[in-house]
Each structure stands twice: as C-alpha cells, then as structure tokens.
Amino acid sequence: MRILVNGAWRETTGGELAAVLSELGYGDAIVATAINGEFVAATARAHTPIAEGDRIEVLAPMQGG
Amino acid sequence: MLELYGTSLRSRLLLGTARYPSPSVLTEAVRACGCEVVTVSLRREAGAERAGQGFWSIIRSLGVRVLPNTAGCHCVKEAVTTAHMAREVFGTSWVKLEVIGEDDTLQPDVFGLVEAATILCRDGFEVFPYTTEDLVVAERLLAAGCGVLMPWAAPIGSGRGLNNLFALKTLRAHFPQVPIIIDAGLGVPSHAAQALELGFDAVLVNTAVAQARDPVQMAAAFGRAVEAGYGARLAGPIEPRDLAAPSTPVVGTAFRG
C-alpha cells in the first residue's frame, strides 16, 4: 500500500505501525510518531494498523532554540 | 535558586542548541556558560539518517535538563501533537510552547497559544509559553495553568535586546511571584544583564551565542552577564536621576568659604 511518510509517498506491505517503521529502516531509533496528525505513543504502535493513504510523521530529536 | 515547576536551578541562563558551527562547539558552549537547561526540538528523520540519534546522544552526555520546543508550529493542533511527541521522546513534561502567527517577525499567535496552553496544561504538561509582553495574554496563560511566562525581548534571532521596555517592566511588576524568562531577541550579554537587573528570573539565548564569531567565548560572557545582572538586582540598584549628585563628600572641600 502507499502511505505518506514525512511528506514523501512510500510503498509498504502495511500492517501495524511498528512493523511499517521497521520496514522503513527505523529499527530501534528514538522517534515519535503521529498518524494523520494524531500522536501515536510508542506503546501503541504494535496494535495501530496503517491504512492506504495514511499520513505518518516520524520525528527525531533535533537542535532547537 | 531559580524555581521552575518545582525544579531548582543555579543558573539563570537557558541555552538553545541550534545553529552552532559544529556539535563540539555546542558542547563547549554549554559547558562554558554553566547552563543547566537547553532547548531542543523534533524534526522529520528518514529511517537510515540517524542524525537526530547522534544529536540526542550528545545532549544526554552533557547532563543538562532539556526543554523541548514546538518551533515551527503554526496552529494549535500541530503544537499540541508535537508537544505529546516531544514528551515521549525526551522524557519530560516541560514544553516550550510556540505557536507562530506571523512569518516575518515569528510573532506568537497569542490566541492559539492560550488555546494550546489550556489543552496541554490539562494534559499534564508543564508549559513554558513563548509569548509577547502583553499583560492580558499573560493573565490568560496563567489562568490556563502555566507556571512560567516566556515573553520575547524582540523577534527571534534579531539581537535587538529588550524592545518594549515599558511593557516588560509592567509585566514584571504585575506578576511579581511568577517566574518570567526573557526569551528571544537578545543580542549581547548586556541585554541579558539588563533583563536580570530589571528583576526577570532568567533569559533564554540561542542565536546570539551560536552565531557569534566565537560561540564558546560568547556563551561564557552571557553566563557572567546573567550572574552580574542577578547580583545587581539583589544589591538594589540606585534610581536614575536627572541632576548630578557629587560622589565625593563636599564637607571640608578646600578653597571654599
């Protein structure tokens, strides 16, 4: 299925968010996630299904003022 | 000691972590100024990129507290979601809440700010609202549950110093018990010293340090300025006056009378 990850269309096999993150190469990276603008806690990723066309944000620590 | 949401801090300087020439310069700057709180942010990261992981590792090695921001958010929904994401990643309920309303000045959208602060305080966050010097907005933020105010001195990165002195003094006088941190727009250490002399509790600086020719030296200078300003505040500055008052005693002056 096609989903929008950080603003770019990606092809994935779908499933739960945790599996999709692994497929996209995030592995054990420290990231925070949101689907369609709603925060998804790390503990919820394993039972949060992804749907065609979902907008996923994957954010990591960065410099800030 | 500076008390922010029950946390005692020795340093009254908070430092931003963006725009340094290199991670090592950032590290040295943090150590040089003695700050105990640094601001951080969240950004999109590709799976194999891992830049954020390296940055987070550096920050953790410094042993300082982090204050995550919601920089770049232009609406309540974005800011609230980003705050939740930051709380999970950084493991803190502190959030520097930014809801930007105008791109040329990066002026806060104070209406969105109050709305987002209300939601986040209800959700258990300890909110540091990046606001203007507006007294009524400050009252709304405190009513929403904020325990700290962070008014701007001037637009972010402008280096102009305390731009609206009258309103800032009014804000300080109106909320004597509320920790107020001057955030954004400071350019040189004397601006920071002035803020502390006026009774503000702390300052947050980023661009003035990170973009200085020598960020480490500038960080140290800001650290000393904050101490000097706070010391002066405790010492009780004299009031300015229009006429001269001789400092040398006039009694017994030679050649008089």
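In what follows, chains carry the letters A, B, and so on, assigned in the order in which the sequence lines appear, proteins first and then strands, with residues in each chain numbered from 1.
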Asks: Please confirm whether the backbone N or O of A/Gly65 pairs with a side-chain atom of B/Arg19, one donor and one acceptor, at under 3.5 Å?
Replies: no

Asks: When only heavy atoms count and the cut-off is under 4.5 Å, which of residues 98-120 of chain B reach chain A?
Replies: B/Glu98

Asks: Do side-chain atoms of A/Tyr26 reach the backbone of B/Glu45 as a donor and acceptor pair under 3.5 angstrom?
Replies: yes

Asks: Does B/Arg44 use its side chain to pair, donor to acceptor, with the backbone of A/Asn6 at less than 3.5 Å?
Replies: yes

Asks: Quick check against the 3.5 Å criterion: does B/Glu88 have a side-chain atom that pairs as donor or acceptor with the backbone of A/Ala42?
Replies: yes

Asks: Any salt bridge between B/Lys77 and A/Glu38, counting N to O under 4.0 Å?
Replies: yes

Asks: Sort B/Phe90 into side chain, backbone, both or neither according to what part of it lies under 4.5 angstrom from a heavy atom of chain A.
Replies: side chain

Asks: Which distance, rounded to the nearest 0.5 Å, do you find between the CG of A/Leu59 and the CZ of B/Arg43?
Replies: 8.5 Å

Asks: Are any side-chain N or O atoms of B/Thr81 and backbone N or O atoms of A/Gly37, one a donor and one an acceptor, separated by less than 3.5 Å?
Replies: yes

Asks: Start with the C-alpha distance between A/Val31 and B/Gln53, add both sets of side-chain angles, then the distance that settles side chain to side chain contact (heavy atoms under 4.5 Å, CB included), and finish with yes or no.
Replies: CA-CA 9 Å; A/Val31 293; B/Gln53 312 304 306; 4.2 Å; yes

Asks: So with a 6.0 Å cut-off around CZ of B/Arg60, is the heavy-atom count from everything else above 12?
Replies: yes

Asks: Any side-chain heavy atom of B/Thr39 within less than 4.5 Å of one from A/Gln63?
Replies: no

Asks: Chain A: which of B/His84, B/Arg50, B/Lys96, B/Glu78 shares the most heavy-atom pairs with it under 4.5 Å?
Replies: B/Arg50

Asks: So which atom in A/Ile30 and which in B/Val89 form the shortest heavy-atom distance, rounded to 0.1 Å?
Replies: CG2-CG1, 3.9 Å

Asks: Of all heavy-atom pairs between B/Gly52 and A/Ala60, which one has the smallest distance, and what is that distance?
Replies: CA-CB, 4.3 Å

Asks: With only heavy atoms counted, which part of A/Leu24 is less than 4.5 Å from chain B, the side chain, the backbone, both or neither?
Replies: backbone

Asks: I'd like to know which of A/Ala8, A/Gly7, A/Gly27 tops the heavy-atom pair count under 4.5 Å against chain B.
Replies: A/Gly7

